[in-house]
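Step one of this worksheet: look at the structure below.
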Amino acid sequence: MIKITFPDQSVKEFEGGSTPLDIAKALSNSLAKEVLSATFNGNPWDATRPINEDGTLVFHKWDDDEGKHTFRHSAAHLMAEALEQLYPGTKFGIGPALENGFYYDVELPGGKVITDEDFPAIEKKMMEIARQNNPYVRKEVAKADALKDFQTKGDNYKCELISELEDGSITEYTQGGYTDLCRGPHLPSTGYIKAVKITSIAGAYWRGNENNKMLTRVYGVAFPKQKMLDEYLVLLEEAKKRDHRKIGKDMELFAFSARVGQGLPLWLPKGTLVRETLTKFLAKIQRKYGYQQVITPHIGNKDLYVTSGHYAKYGKDSFQPIHTPSEDEEFLLKPMNCPHHCEIYRLKPRSYKDLPLRIAEFGTVYRYEQSGELHGLTRVRSFTQDDAHLFVRPDQIKQEFCNVIDIILYIFKILHFTEYTAQISLRDPDNKEKYIGTDEHWAMAESAIIEAAKEKGLNTTVETGEAAFYGPKLDFMVKDAIGRKWQLGTIQVDYNLPERFDLEFTGADDKKYRPVMIHRAPFGSLERFVAVLIENTAGQFPLWLTPTQAVVLPISDKYNDYANQVATALNDAEYRVEVDDRSEKIGRKIRDNETKHIPFMLVVGEKEAAEGQVSVRKQGKIDLGTMSIEDFKKLIAAEVEKELNPED
RNA sequence: GCCACCGUAGCUCAGUUGGUUAGAGCGGCUGAUUCGUAAUCAGCAGGUCAUGAGUUCGACUCUCAUCGGUGGCUCCA
């Protein structure tokens, strides 16, 4: 007999060799139906793998992440089997589960290319195999045998993976006629999978290295119920409607023109209003924190970037230098603001009393992003950073860093960004040649970030190898409508640029010291930030930020003059108000402006014109009654105040 | 940059296996209507079917190239 401890700490005895599925059955049949896999003594465990010793057991169902993961991973194997049957000779790379589904990287025989038209056949074959309800069978194999198995099949990618594994820890899983190298765990059998859909196809370099061969990556989703697949597809459609590229076009916030160039956004009047409002909002916060705003040119001498190290790192893949005709000088389109700000620091001797010196700029920069990477406003070639460089004494690093975290968290709170992750991006210690600077400086910079994040109680993840080439970062990541992660806010500790630009300050002891730089951008870039904001709000911006706060609706053309007077009075007071003076009925005007999500509609007719009032309708047909223009101003002001200064 | 796919009016889309003057709704313009809280009526304009070559008696439809876009991969100071 074996003693099994469950998560609620209860202990029960079962026969030796019982599987998690057996145990679940003994507890309750309904539970057994839902168990997909398990964790035994902290190890991922198949639901059908016997247990021969005492230990703790956790069941995994569709409702938890591990259960979904098992399900999707098994679906990837199912798809692999289908592909092998449909295209014999297919070679397999890796096929993991993802957050929403799974993929498999394959090399198809004879240069076969899969297209959308092949998806139904693959899905059909997958369901055909699923219905056979073949068990996923686990087998421990010796390294030599595993190698032989896959060599015989000609699966060189699998052989490469096996050769890197340790003998004694290798397992294979077989379902039906398909065997794969796999750590598991897997579903008991293919019949658990009731609905599948191949979602897309993509090229993917083997092992993520662009020097390797490009394999075909087939993406899919799988569910235990058809209804779940249907719901998932509806959800996808909904997400598409929130896409900032679509909303940006509909609301006339921004546009692109092939004639202007790829990835070069044109900010339209309404988008510009949003952007300027955000800029003013942040500038005001930064003033409170002692930042000084500067403006620097859009180009800079190439030597500036040779000094900073950026040219050596990115020069070749950048917009190429601009040559002056007579002096034969070279200028770069400014790819970042830090060197310019370093030069501002250098303008005069700095005392320890001057620090921290906080130089801020809404600086537009230009980077030659690869064409395949461009994406709406989230990845562009011309963008404006809400940049600042804090030149600090070493003893001030932590306090300044924490202050920046406060600014970012405040912005996120005001804009209701709740779903972010704070990512500590460190240097890859195995790839030091990708970075500049000494080990000592890196160690100091990294620990400064880790400590500050800890002090602020941030829930952080750590990503090795994601640091900037001159220093580690704390990045605030947010997801867009289709689940892609983007870096918004970033804070970076940098010992290197002060060194390279030979920055100094005089200490109390009259000796020279090196300041440390903190690079930081709470929005990251206005472009990306607005994009994510659009997707978070589905284009319904808060009142303080929305480009049109109210629209005046004259009942008929007779009241257009009065409507214009109302709008002028409000616009003069710096509210953003328009007039809908089309010769339409009031019902039509209300409908159209409701669909445009205008927060307030001011209906004016004979009565209002005579009494100098407006009839206020809040979006969503809430009638706030008739009031004077002054009272309406107070109403908006109060609401904006509430948005910008939430209680708690 | 690499792989796959896509490109018809301002927007959303239709357009049979290549075959007459490429259609619709919304939007726009003009006229009528002057209206009280989610769509007034009528008329009109708008397209070198992304661009350029080619195949063909004939190309929106087939082929190639270029440009732009979409989903990934790689990259992201």
Side-chain angles (χ1 to χ4, degrees), chain A residues 103 105 113-118 199-219 240 243 245-246 249-250 252 255-259 261-263 305 308-315 317-318 334-339 365 367-376 378-381 385 387 435-436 466-471 473 475 482 484 486-487 490 492 494 497 519 521 524 528 553-560 582-595 601-608 615-623 626:
Chain A
Y103 69 78
D105 283 348
V113 174
I114 293 184
T115 70
D116 302 13
E117 289 162 21
D118 299 310
T199 48
S200 68
I201 205 104
Y205 301 110
W206 169 238
R207 316 209 84 176
N209 184 333
E210 64 181 321
N211 299 315
N212 287 344
K213 184 163 177 135
M214 184 165 265
L215 305 180
T216 303
R217 178 167 296 180
V218 188
Y219 284 89
K240 267 191 203 160
D243 193 310
R245 292 165 299 184
K246 171 154 184 55
K249 194 186 253 181
D250 290 349
E252 297 186 3
F256 291 90
S257 153
R259 293 188 209 238
Q262 274 189 302
Y305 299 98
S308 71
H310 289 100
Y311 189 77
K313 177 92 179 158
Y314 298 105
D317 314 312
S318 255
K334 177 166 77 174
M336 80 287 305
N337 307 298
C338 18
V365 297
R367 298 180 183 174
Y368 182 81
E369 306 288 4
Q370 296 183 81
S371 61
E373 267 310 330
L374 299 172
H375 180 90
T378 50
R379 194 81 186 266
V380 285
R381 287 177 171 169
Q385 296 177 314
D387 210 358
Y435 310 90
I436 58 171
E466 291 293 309
F469 76 95
Y470 51 75
K473 310 189 282 177
D475 293 326
I482 51 178
R484 238 186 311 216
W486 296 100
Q487 175 203 306
T490 180
Q492 311 168 1
D494 179 8
L497 287 191
H519 308 237
R528 183 175 290 177
L553 310 181
I555 292 287
S556 78
D557 294 353
K558 281 191 276 185
Y559 312 106
N560 282 357
R582 294 174 302 161
S583 180
E584 295 286 353
K585 290 191 192 170
I586 193 67
R588 175 58 180 268
K589 292 186 187 179
I590 285 169
R591 186 194 137 79
D592 288 349
N593 287 288
E594 280 284 351
T595 59
M601 283 175 237
L602 307 178
V603 178
V604 296
E606 190 176 358
K607 203 176 105 216
E608 289 81 3
S615 172
V616 181
R617 180 191 159 109
K618 197 172 174 180
Q619 190 195 348
K621 64 170 130 181
I622 304 159
D623 187 358
T626 305

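Only a predicted model underlies this, so the values are computations on that prediction, with no experimental measurement involved. Side chains included, hydrogens not; waters and symmetry mates left out as well; all remaining heavy atoms used.
- Rounded to a whole angstrom, the distance from the P atom of B:rG58 to that of B:rG54 is 12 Å.
- At a threshold of 4.0 angstrom between heavy atoms, the contacts of A:H519 with the nucleic acid are absent.
- Of the candidates B:rU33, B:rC76, B:rG1, the closest approach to any side-chain atom of A:S583 belongs to B:rU33.
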If you restrict it to nitrogen or oxygen atoms, what contacts under 3.5 Å exist between nucleotides 25-29 of chain B and the protein, and what is each distance?
{"from": "B:rG27", "atom 1": "OP1", "to": "A:R588", "atom 2": "NH2", "distance (Å)": "2.2"}

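- By the ring-ring contact (aromatic ring centres under 6.0 Å, His included) test, A:Y103 pairs with A:Y219, sequence neighbours left out.
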Under 3.5 Å, which N/O atoms of the protein pair with N/O atoms of nucleotides 3-7 of chain B?
{"from": "B:rC3", "atom 1": "O2", "to": "A:G203", "atom 2": "N", "distance (Å)": "3.1"}

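- Backbone-only engagement by A:S200 is indicated by non-hydrogen atom pairs under 4.0 Å involving sugar-phosphate atoms exclusively.
- Judged as a side chain to side chain donor-acceptor pair (under 3.5 Å), and not counting sequence neighbours, the contacts of A:Q492 are A:Y470, A:T490.
- Remark: A:K473 pairs with A:D475, A:Q487 by the side chain to side chain donor-acceptor pair (under 3.5 Å) rule, at least two apart or across chains.
- Residue A:G208 is classed as a sugar-phosphate contact, given heavy-atom separations below 4.0 Å to backbone atoms only.
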What does the list of N/O pairs under 3.5 Å between the protein and nucleotides 48-53 of chain B look like, with a distance for each?
none

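- Remark: RNA chain B forms stems of 3 or more consecutive Watson-Crick or G-U wobble pairs, all pair distances under 3.5 Å, at B:1-7 with B:67-73, B:10-13 with B:23-26, B:28-32 with B:40-44, B:50-54 with B:62-66.
- A close approach under 4.0 Å does occur between a side-chain nitrogen or oxygen of A:H375 and OP1 or OP2 of B:rG71.
- Rounded to whole Å, the C1' atom of B:rG68 lies 16 Å from the corresponding atom of B:rC49.
- One donor-acceptor pair, N or O on each side, does fall under 3.5 Å between the base of B:rG1 and the side chain of A:Y205.
- Residue contacts shown for A:G605 include a base, since a base heavy atom lies under 4.0 Å away.
- The same atom, P, is picked in B:rC29 and in B:rG10; the two are 15 Å apart, to the nearest Å.
- Comparing B:rA39, B:rG36, B:rU40 against the side chain of A:R591 picks out B:rA39 as the nearest.
- The residue A:T199 sits apart from the nucleic acid: no heavy atom pair falls under 4.0 Å.
- Partners of A:Y368 by ring-ring contact (aromatic ring centres under 6.0 Å, His included), not counting sequence neighbours, listed by chain and number: A:F319.
- Among the heavy atoms of the strands, none lies under 4.0 Å from A:Y305.
- When the nucleotides B:rU34, B:rC35, B:rG68 are ranked by their closest atom to the side chain of A:I586, B:rC35 comes out on top.
- Residue A:K589 has no polar side-chain atom (N or O) positioned under 4.0 Å from OP1 or OP2 of B:rU37.
- Looking at heavy-atom distances under 4.0 Å, A:I590 makes contact with a base.
- Of the C1' atoms belonging to B:rC76 and B:rA4, the separation is 23 Å, rounded to the nearest Å.
- Using atom C1' as the reference point in both B:rC13 and B:rA9, the two lie 11 Å apart (nearest Å).
- Nucleic acid contact for A:Y559: none, since no nucleic acid atom lies under 4.0 Å from a heavy atom of the residue.
- Among the heavy atoms of the strands lying under 4.0 Å from A:R484 are primed sugar atoms or P, OP1, OP2 only; no base atom is included.
- As judged by a 4.0 angstrom heavy-atom cut-off over every strand, A:Q487 is placed among residues making no nucleic acid contact.
- Using a 4.0 Å heavy-atom cutoff across all strands shown, A:K621 reaches no nucleic acid atom at all.
- A donor-acceptor pair under 3.5 Å is absent between the side-chain atoms of A:R217 and the main chain of A:G203, judged by distance alone.
- In this structure a side-chain-to-backbone donor-acceptor pair under 3.5 Å is missing from A:R379 to A:L374.
- Heavy atoms of A:R217 sit under 4.0 angstrom from primed sugar atoms or phosphate atoms, though from no base atom.
- Closest to the side chain of A:T595, out of B:rA38, B:rG68, B:rU40, is B:rA38.
- Under the rule for a ring-ring contact (aromatic ring centres under 6.0 Å, His included), A:Y205 has no partner lying at least two apart in sequence or in another chain.
- Using a 4.0 Å cut-off, some side-chain N or O of A:R245 falls inside it from OP1 or OP2 of B:rU70.
- With B:rC35, B:rU37, B:rA77 as the candidates, the nucleotide lying closest to the side chain of A:S318 is B:rA77.
- RNA chain B is contacted by both A:Y219 and A:R617; A:R617 maps to the nucleotide lying nearer its 5′ end (nearest heavy atom per residue).
- Under the ring-ring contact (aromatic ring centres under 6.0 Å, His included) criterion, A:Y435 pairs with A:W442, not counting sequence neighbours.
- Taking the C1' atom of each, B:rG18 and B:rC57 are spaced 12 Å apart, rounded to whole Å.
- With sequence neighbours excluded, no residue forms a side-chain contact (heavy atoms from CB on, under 4.5 Å) with A:K585.
- Residue A:K473 is in sugar-phosphate contact alone, with no base atom involved, counting any heavy-atom pair closer than 4.0 Å across all strands shown.
- Residue-level contact check: A:K607 touches the bases, meaning some heavy atom is under 4.0 Å from a base atom.
- Applying the 4.0 Å criterion to OP1 and OP2 of B:rC75, one finds that A:Q370 has every side-chain N and O outside that range.
- In this structure, A:K607 has no side chain to side chain donor-acceptor pair (under 3.5 Å) partners at least two apart in sequence or on a different chain.
- Atom P of B:rC6 sits at a distance of 15 Å from the matching atom of B:rA65, rounded to the whole Å.
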